[in-house]
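Notes to accompany the following structure.
Each chain gets a letter, A, B and so on, in the order its sequence line appears, and its residues count up from 1.
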There are 2 protein chains.
Amino acid sequence: MEKKSKMEWHGRFRGRGLRFTIPRRLILETLSSTIDHLSAEEIYIRVHRKYPNVGLTTVYRTLDLLERMGIISRFQFGDGRSRFELVQSSTKAGHHHHLVCTSCKQVIDYDDFVEEEVELLKKVEKALAKKHGFEINGHVIQFYGVCNNCQKQP
Amino acid sequence: MEKKSKMEWHGRFRGRGLRFTIPRRLILETLSSTIDHLSAEEIYIRVHRKYPNVGLTTVYRTLDLLERMGIISRFQFGDGRSRFELVQSSTKAGHHHHLVCTSCKQVIDYDDFVEEEVELLKKVEKALAKKHGFEINGHVIQFYGVCNNCQKQP
DNA sequence: ATTCTATTGAAAATGGTTTTCATTATTAAT
DNA sequence: ATTAATAATGAAAACCATTTTCAATAGAAT
Ligand SMILES: [Mn+2]
Ligand SMILES: [Mn+2]
Ligand SMILES: [Zn+2]
Ligand SMILES: [Zn+2]
């Protein structure tokens, strides 16, 4: 699962006239090997541990690029920083939504009822597209609450 | 609709040992008289026009307070600043969700299918509460797309 | 190995928001 | 109306995630 995805990625970059550099590979490997929703700085720290001459600026730039390429998704969970996740990963389910603890900020992926959610979303999208002339290309569904652990704490 | 809500608000503040000051009243009046989702700075500009010695700091502080009091809601639509809306207003519908143009950043309230949405949300909330022990107290549903007008522009 | 230029890292700049602190204004009691 | 207690304010500075600048570096096709 190393060589293969590496070449796949390489191809996607080269296809757009982009270079597949060490920082880009390391950032993709970092996102590939976690189920967490990492911030730019968290990614930077992990990459930096392996390869100390990668800068935070490059992490930001690469994340923007990967988002534009459709390889990662950006989320705002309310802690003031963007968080990122591989669009398709071997370590987590496909289309899913998020459950956020407003106290400890942990984020849980869930896919209970997603099919029903997606079905309803499609219906709403169609209605909104017609009614407002919008061309819809994305949605966000998030639940906020207090996790089991944080409910105990004062 | 002036004197009445003014006294209602006054009571809500005094009930918590808080004072009902001029900046607070002006900010509430500003939010009451628009259907837009204003940013702190936009609110500041409008308040400042009427009453030039109100500071931006106070606007931020007041918005935080009003959110904690449950009088306004805060949203992040992806333009890097928080936007606010009165929870219950005479100028707009009740429970609704949002449609955001990623190009011109306009936000449209919609309530088509909200009942179905809310019904499904309840079901999901219940499942998530049981499965993860979460105490859920809010949700976000947003659609992103390109508005009719922006589709024409290059 | 060479050339072309996309990419990089460091430092500075940006922009929304928060903190600090001395001053002011709201309120309840007088 | 005055007063006293203290919540609230405004200005300036600090904060912090992100972006911009720019000279140096390093992919990749030849
Ligand atoms: Mn996720
Ligand atoms: Mn709204
Ligand atoms: Zn928690
Ligand atoms: Zn638009």
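We find that CG of A/Leu56 is positioned 13 Å from P of C/dT8, with the value rounded to whole Å. Separating the CG atom of A/Leu65 from the P atom of D/dG27 is a distance of 16 Å, rounded to the nearest angstrom. Here D/dA7 presents its C1' atom at 13 Å from CZ of B/Arg68, a figure rounded to the nearest Å. Between the P atom of D/dA17 and the OH atom of A/Tyr44 lies a distance of 14 Å, rounded to the nearest Å. Remark: C1' of C/dG9 and NE2 of A/His48 are 10 Å apart, rounded to the nearest angstrom. Distance, B/Leu66 CG to D/dA8 P: 12 Å, rounded to whole Å. In this structure, A/Arg25 places its CZ atom 13 Å from P of C/dT8, rounding to the nearest Å. With rounding to whole Å, B/Gln76 atom CD is found 11 Å from C/dT17 atom C1'.
Across all strands, B/Asp79 comes closer than 4.0 Å to no nucleic acid atom at all (heavy-atom distances).
Close to C/dG16, at under 4.0 Å from its OP1 or OP2, lies no side-chain N or O of B/Ser39. Regarding contacts with the backbone of C/dA6, every side-chain N or O of A/Arg16 stays at 4.0 angstrom or more from both OP1 and OP2. Under 4.0 angstrom from either OP1 or OP2 of C/dT17 there lies at least one side-chain N or O belonging to B/Tyr60.
At least one side-chain heavy atom of B/Leu86 sits less than 4.5 Å from a side-chain heavy atom of B/Ser32. In this structure, the side chains of B/Arg24 and B/Leu65 come closer than 4.5 Å at one or more pairs of heavy atoms. A heavy-atom distance below 4.5 Å is not found between the side chains of B/Phe84 and B/Thr30.
In this structure, a donor-acceptor pair under 3.5 Å is present between the side chains of A/Ser82 and A/Gln76.
For the pair B/Asp64 and B/Arg74, the salt-bridge criterion is met [side-chain N within less than 4.0 Å of a carboxylate O]. Ion pair A/Asp109/A/Lys92 flagged as a salt bridge, since at least one NZ, NE, NH1 or NH2 atom sits closer than 4.0 Å to an Asp/Glu carboxylate oxygen. Between A/Lys123 and B/Glu116 there is a salt bridge, with a side-chain nitrogen of the basic residue lying less than 4.0 Å from a carboxylate oxygen of the acidic one.
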TODO: Do nucleotides 21-30 of chain C as a string where each nucleotide becomes B, S or -: B if the base has a protein heavy atom under 4.0 Å, S if just the sugar-phosphate does, - if no protein is that close.
DONE: ----BBSS--

List every contact pair, protein side and nucleotides 11-13 of chain C side both N or O, where the distance is under 3.5 Å.
| unit_1 | atom_1 | unit_2 | atom_2 | d |
| --- | --- | --- | --- | --- |
| C/dA11 | N6 | A/Thr57 | OG1 | 3.3 |

Open item on the list: Pair A/Leu63, A/Tyr44 - check side-chain contact (heavy atoms from CB on, under 4.5 Å), show working.
Closed with: CA-CA 11 Å; A/Leu63 291 170; A/Tyr44 165 70; over 6 Å; no

Task: Worked verdict on B/Glu85 versus B/His37 for side chain to side chain donor-acceptor pair (under 3.5 Å) - done: CA-CA 6 Å; B/Glu85 172 176 67; B/His37 305 78; 2.8 Å; yes

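Judged by closest nucleotide on DNA chain C, A/Phe13 is the one of A/Phe13 and B/Arg81 placed further toward the 5' end. Nearer the 5' end of DNA chain D, as judged by each residue's closest nucleotide, is the contact made by B/Gly17, out of B/Pro52 and B/Gly17.
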